[in-house]
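Report on the structure given below.
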Amino acid sequence: MIKGKHKIAVLLTGSVLLLVFIAFTTGRLSRQPAKATAMQDSIAVVPFQTAGGWGYAVNVGAHTYIYQDIIPAVPGKSAFRTREDALRVGMLVAEKLRNQQVPTISREELAAMSVIDGQ
């Protein structure tokens, strides 16, 4: 009688260990590193014309995340001179967001992109 109960206990223990092993290894194999988050996949830069020039919006999905109608990091309220300038700066902001960086723009970055004169 003890042999029968011992056999059942060994079989149950072995079955549980086998299930735990299978669950553990399948979980590890199926976990692939994420290529991009939903936010990173859905970031779009949209240039727009203003009364004084150009600006850009950075949209995440269907929502405007950043609305920039003036050149950042520059005193005053100057719009971008060209659509291309606004788009280049917007693309840099979007890239920073994708890389999970703070999406600020410095005067040095603007000068390096020839958006402003380097002074």
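These numbers come from the heavy atoms of this one structure, side chains and all, not from hydrogens, waters or symmetry mates.
- The two residues G76 and I70 have their closest heavy-atom pair at O-CD1, 4.2 Å.
- Each of Q101, K96, E95 was compared with N99 under the side-chain hydrogen bond (donor to acceptor under 3.5 Å, both in side chains) criterion, and only E95 meets it.
- Relative ring orientation between Y56 and F80 is described as tilted, the plane-to-plane angle lying within the 30° to 60° band.
- The CG atom of D69 sits 13.0 Å away from atom CD of Q49, with the distance rounded to the nearest 0.5 Å.
- Contact record, P103 with L97: CG-CD2, 3.8 Å, taken as the closest heavy-atom pair.
- Shown here for A57 and T64, the closest heavy-atom pair between the two residues is CB-CG2, 4.2 Å.
- Panel note: side chain R98, backbone I43; a donor-acceptor pair is recorded below 3.5 Å.
- For the pair Y65 and V60, the tightest heavy-atom approach, listed with the atom from each and the gap, is CB-CG2, 3.6 Å.
- Contact between S106 and A73 at its shortest, heavy atoms only, is C-CB, 4.0 Å.
- Minimum heavy-atom separation, L92 to M113: CD2-CE, 3.8 Å.
- There is a path of hydrophobic side-chain contacts, each under 4.5 Å, that joins L87 to V74.
- Note that CD of Q68 is 8.0 Å distant from CZ of F48, once rounded to the nearest 0.5 Å.
- I71 and Y67 fall into different hydrophobic clusters, where Ile, Leu, Val, Met, Phe, Trp and Tyr side chains are chained together by heavy-atom contacts under 4.5 Å.
- Judged purely by atom type and a 3.5 angstrom limit, R81 has no side-chain atom pairing as donor or acceptor with the backbone of G53.
- Within a 6.0 Å sphere centred on CE of M91, other residues, nucleotides and ligands contribute 12 heavy atoms or fewer.
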